[in-house]
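In listed order, ligands and their atoms are each counted from 1.
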Amino acid sequence: MTTPQVRVLFDEAVIAQRNEELAREIAASDPKDLLVVAVLKGSFMFAADLIRALHRAGLKPQVEFIHLSSYRAGTVSTGQVAILRDVESAIEGRDVLLIDDILESGRTIVFAKDLLMARGARRVMTAVMLEKPGKRAVHIDAEFVGFTCPDLFVVGYGMDIAHSFRQLPFIGVIHQGDGAPDLFDKG
Ligand code: IMP
Ligand code: MG
């Protein structure tokens with residue numbers, strides 16, 4: 001087997017430009033008493049960039065984290081979500097922006113949104129770097145979407161396979177490099 005290589009889908013410059021656009025869209029939604037909640041672990045890099053872009057767009061959010069685990073068998077979601085670490089802030093009456101890496105089945109975001117609404121949030125909006133269309137198991141749309149993603153298992157920019165590839169500054173797909181199909185290619 002050849003060493004896996006990563007085929008770039010969205011490079012650093014494209015991601016950086018999109019983050020500035022997303023931040024301006026978020027600022028235009030006129031959030032009040034904004035609390036940003038980054039969903040760990042996969043969103044950490046996107047969140048770090050988007051939050052700084054929000055600052056440049058003139059917002060002064062508070063920033064929090066929630067660590068959720070959506071159990072997966074290999075690369076396929078099983079549908080169960082657990083809280084591994086909760087937010088500490090009071091949510092009551094606030095506008096919340098959830099930040100996650102990928103919207104796929106939608107179960108992770110629905111779980112987080114329901115949780116924060118049940119705690120009295122005024123409004124919960126969602127920003128995801130990637131959206132995989134046609135994969136939704138529950139009804140949810142993110143208000144802010146970086147890019148539409150092909151139906152491939154992607155890595156980089158915080159996203160992993162067993163904790164590898166998170167460090168990549170771009171988003172890509174594992175590629176065997178020998179003419180064989182991309183790993184996890186479902187198409
Ligand atoms: P959902 O609950 O099915 O929407 O799953 C979303 C979560 O699954 C994301 O936050 C990711 O952590 C993970 N995920 C889904 N697709 C991918 C992928 O292609 N690469 C890496 N992680 C993924
Ligand atoms: Mg995740």
- Query: If you measure from atom 19 (O) of ligand 1 to every heavy atom of Glu104, Met159, Lys132, which option wins on shortest distance?
  - Reply: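 The residue whose heavy atom sits nearest atom 19 (O) of ligand 1 is Lys132.
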- Say whether Gly42 and ligand 1 are in contact under the criterion: heavy-atom distance to a ligand atom below 4.0 Å.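 The answer is no: ligand 1 sits nowhere under 4.0 Å from a heavy atom of Gly42.
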- Query: Would Leu152 count as a contact of ligand 1 if the rule is a heavy atom under 4.0 Å away?
  - Reply: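 Per 4.0 Å heavy-atom rule, Leu152 contacts ligand 1.
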Could you tell me whether the side chains of [X] and [Y] share a donor-acceptor contact shorter than 3.5 Å?
X	Y	value
Arg136	His139	no
Asp49	Tyr157	yes
Arg107	Gln80	no

Going by the order shown, which atoms of ligand 1 are within less than 4.0 Å of some heavy atom of [X]?
X	answer
Asp101	9 (C), 10 (O), 11 (C), 12 (O)
Ser105	1 (P), 2 (O), 3 (O), 4 (O)
Thr108	1 (P), 2 (O), 5 (O), 6 (C)

Would you check whether [X] has a nitrogen or oxygen atom less than 3.5 angstrom from a nitrogen or oxygen atom of ligand 1?
X	answer
Asp100	yes
Phe153	no
Leu103	no

- Salt bridge present between Glu25 and Arg18 (N-O < 4.0 angstrom):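 Judged by the 4.0 Å cut-off on N to carboxylate O distance, Glu25 and Arg18 do form a salt bridge.
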- Qualifying residues under salt bridge (charged side-chain N to carboxylate O under 4.0 Å, His left out), relative to Asp141, sequence neighbours excluded: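 Here no residue qualifies.
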- Message: Counting only heavy atoms from other residues, nucleotides and ligands, does the tally under 6.0 Å from NE2 of His67 exceed 12?
- Response: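 It does: His67 NE2 has more than 12 such atoms within range.
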- Message: According to side chain to side chain donor-acceptor pair (under 3.5 Å), who are the partners of Ser89, at least two apart in sequence or on a separate chain?
- Response: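 With neighbours one apart ignored, the set is Glu64.
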